[in-house]
Amino acid sequence: MVSPVRLYNTLSQSLEPLEPLEPGHVRIYLCGLTTYDHAHLGHARTNSTFDVLVRFLRARGLRVTFVRNVTDVDDKILHRAAELCEDPLTFSARMAHVNDGELKCVGCLVPDHEPRVSGHLDDIVRLIEALIARDAAYVVDTGDVYFAVRGFAEYGKLSHRNLDDLRVGARVEADDRKRDPLDFALWKASGDQTWGWPSPWGRGRPGWHIECSAMAARYLGEHFDIHGGGMDLIFPHHENEIAQSEAVWGAPFAKLWMHAGFLNVDTEKMSKSLGNFVTIRDVLATNDPEAIRYFFLGAHYRGPIDFDVERRGERVVFPGLDEAEARVDYLYGACDALTRIAGNAEPEVSDVIPGVASVIRNAEARVLSALAKDLNTPVALAVLGDLAKAANELALQVGKLKKDPKRYEGAVRLAAAGLEVFRRCTTPLGLMQVASDVYVARTRGRRLAQRGLDAASIDAKVEERTRARTQKDFARSDAIRAELTGLGVELLDFGGVTGWKIPL
RNA sequence: GGUGCGGUAGCCAAGCGGUUAGGCACCGGUUUGCAAAACCGGCACACGUGGGUUCAAAUCCCAUCCGCACCUCCA
């Protein structure tokens, strides 16, 4: 029997069993990016977290509707577009496309819906009208519309603060148009000259928070299962979403609120304002996208992750990513070993090598049960490590079984079964989604380029060494290896064949 | 001032009341012409500090120190 899925709910500050409102169908809304710049690793972490959630739930056999919005209307976009002398919507559409590619690159599935603010002005305006009609919001003479925070008794229930606490340390600017300093804009008047849309209150743009309520309701309904984002969205963004949504629809908005922890650099949060952010794109010059994902999954999603940046002379290296990438190398290597053994054999968990068979038999259940415990990805990765070790063990033993055809056949089928289990274990994690030769080719290409090496000249050296070895000229052979080692190339002698790789 | 998150062996990181996950590094071994890779074994009987509860605490309670974040836009 499978264990229930338990997830941490920011609202209740405790683990809760996932009980979809519609049995068998989980509806998830994730706050996506504001499209004015490249996605940084913090975005990658949050998105990877929710990607694992979606993949995992699907692997459990649940139907998932996953919505991730695109904030394509925002002041930052307006300013950036102005700098670039580009139309703001054209600019944000372009950046949305870039960001999509960046997230896809780190293994995130394309959401079922990616609604944009610019395509949902009607929904937004209608929602604001409904809020005004209920006296939950008010229009000021400049044409702005504010949500009246005091009218929503439960304001603060997500971030666990109350209005008075907020006021004491609040750095909110005095604004006499607002009834309460914490009231937030639903609609911002933009004047005739600047970017905006017509509305009953004049030309303007929606405030940041209202879009999510409108778009979540459009694609998931006014009440749905899981709403997520980074921890920095708890207040005020998600708090405000709850206020405006529940004020108008009168029922709980999202049932479960999940928040991913920060990615820190030198223990400080990676953020645009601190200027310490590293984009996904930056990292791709030195590391494989799978390394990024593996790196994130190595820690629980709610805790902080420290991202190290080290300068070695001219080069910038990311030690955490290097370590992760070495592990990904190891996993692909183990898979590759299985592939070579398995051929087209029918998968079967044969007990020819009991220790190996037992790891293969239990791996998937172990991964799924780890993920069921509030997405315990570190434990899931440990299972992957066990699986890889078992695969290598199998590769080591299989040769010895050759003289016993029946047992050899069993080992071959076990390898095929191992491959299948590998796939079942890595799919919910979004890891190892390409064939190992694809991975090896792309990492090798990148590492060669990084070191200014080319494969042909390495192959030539290797051939020369092989000739020396056949003539038992070990002094020459070792000299060549030392030379290559100095360049960062590692030689691997398998019987008479010599391969090479460039380790991290 | 308020509200959260975190402090686990050299490093990263699970565990959150009772059989010490895992990884990196390091040290032996198998293997190899020598290496590498792979495998086997050793690795640390660690849990910020001080009290308390309990037969039993890294895990619960109280106090306290340190780091970070949020309360303005931020994933």
Side-chain angles (χ1 to χ4, degrees), chain A residues 10 13 30-34 37 39-50 74-76 103 156 159-173 182 184 208 228-237 239 259-264 266-274 277 294-295 298-300 302-306 308 319-320 322-324 326-327 329-330 333-334 337 366 370 373 376-386 388-397 469 472-475 477-478 481-482 484-485 489-495 498-501 503:
Chain A
T10 304
Q13 297 179 293
L30 174 65
C31 285
L33 304 195
T34 300
D37 205 344
H40 63 62
L41 292 175
H43 299 124
R45 149 106 122 153
T46 297
N47 279 276
S48 299
T49 297
F50 287 91
D74 177 273
D75 288 353
K76 290 188 286 291
L103 294 179
S159 52
H160 306 284
R161 3 184 140 186
N162 62 60
L163 285 166
D164 302 315
D165 290 343
L166 283 165
R167 185 164 289 109
V168 178
R171 286 171 279 175
V172 278
E173 293 150 40
L182 288 162
F184 57 90
W208 176 34
M231 283 198 180
D232 43 3
L233 296 188
I234 295 174
F235 190 90
H237 185 52
E239 194 70 71
H259 295 96
F262 295 130
L263 188 67
N264 297 329
D266 283 328
T267 76
E268 281 185 317
K269 176 188 165 192
M270 179 181 286
S271 74
K272 294 282 168 85
S273 42
L274 287 167
F277 62 94
Y294 190 98
F295 174 72
H300 184 77
R302 280 191 286 122
I305 298 184
D306 215 62
D308 290 327
D322 283 350
E323 189 184 324
R327 280 307 279 173
D329 279 7
Y330 172 73
R366 287 172 65 205
K373 292 172 188 144
N376 192 333
T377 52
V379 168
L381 291 189
V383 176
L384 251 39
D386 287 348
K389 191 172 281 193
N392 286 326
E393 167 73 9
L394 176 59
L396 210 62
Q397 300 290 333
R469 288 183 76 212
K472 299 227 190 289
D473 182 356
F474 295 123
S477 146
D478 288 351
R481 186 176 59 213
L484 288 172
T485 303
V489 181
E490 194 170 81
L491 296 181
L492 307 113
D493 292 330
F494 293 110
T498 300
W500 56 268
K501 69 173 287 187

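No experiment lies behind these values; they were computed from the predicted model shown. First the proteins, then the strands, lettered A, B, ... as listed; each starts at 1.
- Legend: residues meeting side chain to side chain contact (heavy atoms under 4.5 Å, CB included) with Ala39(A), ordered by chain and number and at least two apart, are Leu33(A), His43(A), Asn99(A), Glu102(A), Ile280(A).
- Contacts of Lys389(A) classified as salt bridge (Lys or Arg N to Asp or Glu O under 4.0 Å), with partners at least two apart in sequence or in another chain: none.
- Side-chain atoms of Arg327(A) lie closest to C24(B) of the nucleotides C24(B), C71(B), A75(B).
- In this model, a side-chain donor or acceptor of Ser477(A) finds a partner on the base of G33(B) within 3.5 Å.
- Remark: Arg161(A) pairs with no residue by the salt bridge (Lys or Arg N to Asp or Glu O under 4.0 Å) rule, at least two apart or across chains.
- Among residues two or more places apart in sequence or in another chain, the side chain to side chain contact (heavy atoms under 4.5 Å, CB included) test is passed with His300(A) by Arg302(A), Asp374(A).
- Remark: Asp493(A) engages Arg465(A), Arg469(A), Thr498(A) in a side-chain hydrogen bond (donor to acceptor under 3.5 Å, both in side chains) (not counting sequence neighbours).
- The pairing partner recorded for G4(B) is C68(B), the criterion being a Watson-Crick or G-U wobble arrangement whose two distances lie under 3.5 angstrom.
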Any chance you could list the contact pattern along nucleotides 43-48 of chain B? Use B for base contacts, S for sugar-phosphate-only contacts and - for none, protein heavy atoms under 4.0 Å, 5' to 3'. ------

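- The distance from atom CZ of Phe235(A) to atom P of C73(B) is 9 Å, rounded to the nearest whole Å.
- Base engagement by Gly261(A) is indicated by at least one non-hydrogen atom pair under 4.0 Å involving a base atom.
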Tabulated below should be each protein N or O lying under 3.5 Å from an N or O of nucleotides 35-38 of chain B; please produce it.
from	atom 1	to	atom 2	distance (Å)
A35(B)	N6	Asp493(A)	O	3.3
A35(B)	N1	Asp493(A)	N	3.2
A35(B)	N1	Asp493(A)	OD2	3.4
A35(B)	N3	Arg481(A)	NH1	3.1
A36(B)	O2'	Glu490(A)	OE1	3.0
A38(B)	O3'	Asn392(A)	ND2	3.0

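- Residues meeting the salt bridge (Lys or Arg N to Asp or Glu O under 4.0 Å) test with Arg481(A), sequence neighbours left out: Asp478(A).
- For Asp37(A), there are no side-chain hydrogen bond (donor to acceptor under 3.5 Å, both in side chains) partners, not counting sequence neighbours.
- Side chain Asn376(A) to base G15(B): no donor-acceptor pair is found below 3.5 Å.
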For nucleotides 11-13 of chain B, tabulate all protein N/O to nucleotide N/O atom pairs closer than 3.5 Å, reporting atom names and distance.
none

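- Nucleotides C12(B) and A44(B), compared at atom C1', are 15 Å apart to the nearest Å.
- Applying the side chain to side chain contact (heavy atoms under 4.5 Å, CB included) test to Pro304(A) and every residue at least two apart in sequence or in another chain returns Asn264(A).
- The distance from atom CZ of Phe262(A) to atom P of C5(B) is 12 Å, rounded to the nearest whole Å.
- Rounding to the nearest 0.5 Å gives a distance of 5.0 Å between OG1 of Thr34(A) and NZ of Lys76(A).
- Using atom P as the reference point in both A57(B) and C70(B), the two lie 38 Å apart (nearest Å).
- By the salt bridge (Lys or Arg N to Asp or Glu O under 4.0 Å) test, Asp75(A) pairs with Lys188(A), Arg205(A), sequence neighbours left out.
- Side-chain contact between Lys373(A) and Val379(A): absent, with no pair of heavy atoms (C-beta onward) separated by less than 4.5 Å.
- Across all strands shown, A38(B) forms a Watson-Crick or G-U wobble pair, both distances under 3.5 Å, with U30(B).
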